[in-house]
Amino acid sequence: MDRDARGSTPAVVPLEITRACCDAMIAHCRAESPLECCGLLGGRPPRASSFHPLPNVAPQGETRYEADPVAVIEAVRSLRDEGMEILAIYHSHPRWEAVPSRTDLETNYWGEMPRIIVSLLADPPEIRIWRLDPKSFEELPWRLVP
């Protein structure tokens, strides 16, 4: 992480996720279980207010996810048309904790884009957000907003 002019690490602004987006994301994760699901949250920083579920086209959908590239392009176009941007990528862990797996780290093609993992092990589901590197991960703050 970059340091500011005083040499200290700047505070990370929490991602704000609207209740509607959060509820839709959880519903998508539950509906696709036992397969992993994936999608995008968009909006204007720091507020995610736009929900975009994406088809998981991974051949091993119970343990992997791969977003349909055509659907990703359509979501990006829709966000751009509304003057918004991708703020986070989400996927579910139907049978694992909301912690990045080795596969999540190795297949991170989005750089520092926040990655939301929704674990369905508990009720309510656990939601955690991460910044991924090929060999490590850092948890990021978030909050639910109306």
Would you say the side-chain atoms of Ser101 and Asp104 include a donor-acceptor pair closer than 3.5 Å?
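On atom types as modelled, these side chains qualify, holding a pair under 3.5 Å.
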
Shared ILVMFWY cluster between Val118 and Leu15, side chains joined below 4.5 angstrom?
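Shared cluster, yes.
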
If every non-hydrogen atom of [X] is compared with every non-hydrogen atom of [Y], which pair is closest and at what distance?
X: Leu87; Y: Pro46; value: CD1-C, 4.3 Å
X: Ser119; Y: Ala98; value: CB-N, 3.5 Å
X: Pro94; Y: Pro34; value: CG-O, 3.5 Å
X: Ser136; Y: Leu105; value: O-CD2, 3.4 Å
X: Leu120; Y: Ser33; value: CD1-CB, 3.8 Å
X: His52; Y: Ser78; value: CE1-OG, 4.0 Å

Partner residues of [X] under the salt bridge (charged side-chain N to carboxylate O under 4.0 Å, His left out) criterion, sequence neighbours left out:
X: Glu97; value: none
X: Arg30; value: Asp123
X: Glu106; value: none
X: Glu16; value: Arg47, Arg143

Checking Ser92 side chain against Cys37 main chain: does a donor-acceptor pair fall under 3.5 Å?
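Flag set: sc Ser92 to bb Cys37 pair under 3.5 Å.
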
Taking Glu36's backbone N and O only, do any of them form a donor-acceptor pair with Asn56's side chain (distance below 3.5 Å, no angle check)?
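Judged by distance alone, yes, a pair lies under 3.5 Å.
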
Counting C-beta onward and ignoring hydrogens, is there a side-chain heavy-atom pair between [X] and [Y] closer than 4.5 Å?
X: Phe137; Y: Val99; value: yes
X: Arg128; Y: Ile117; value: no
X: Cys22; Y: Ile127; value: yes
X: Ile17; Y: Ile116; value: yes

List in chain and number order the residues that pass side chain to side chain contact (heavy atoms under 4.5 Å, CB included) with Ile86, two or more places apart in sequence or in another chain; answer none if no residue qualifies.
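Ile86 satisfies side chain to side chain contact (heavy atoms under 4.5 Å, CB included) with Leu40, Val76, Leu79, Trp110, Met113 only.
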
CD/Glu139: more than 12 non-hydrogen atoms of other groups inside 6.0 Å
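Above 12, so yes.
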
When the ring planes of Phe51 and His28 are compared, do they come out parallel, tilted or perpendicular, using 30° and 60° as the limits?
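Ring orientation, 0 to 90° scale: perpendicular.
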
Tell me the ring pair (Phe, Tyr, Trp, His ring centres under 6.0 Å) pairs involving residues 58-82, sequence neighbours left out?
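Sorted result for residues 58-82: Tyr65-His91.
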
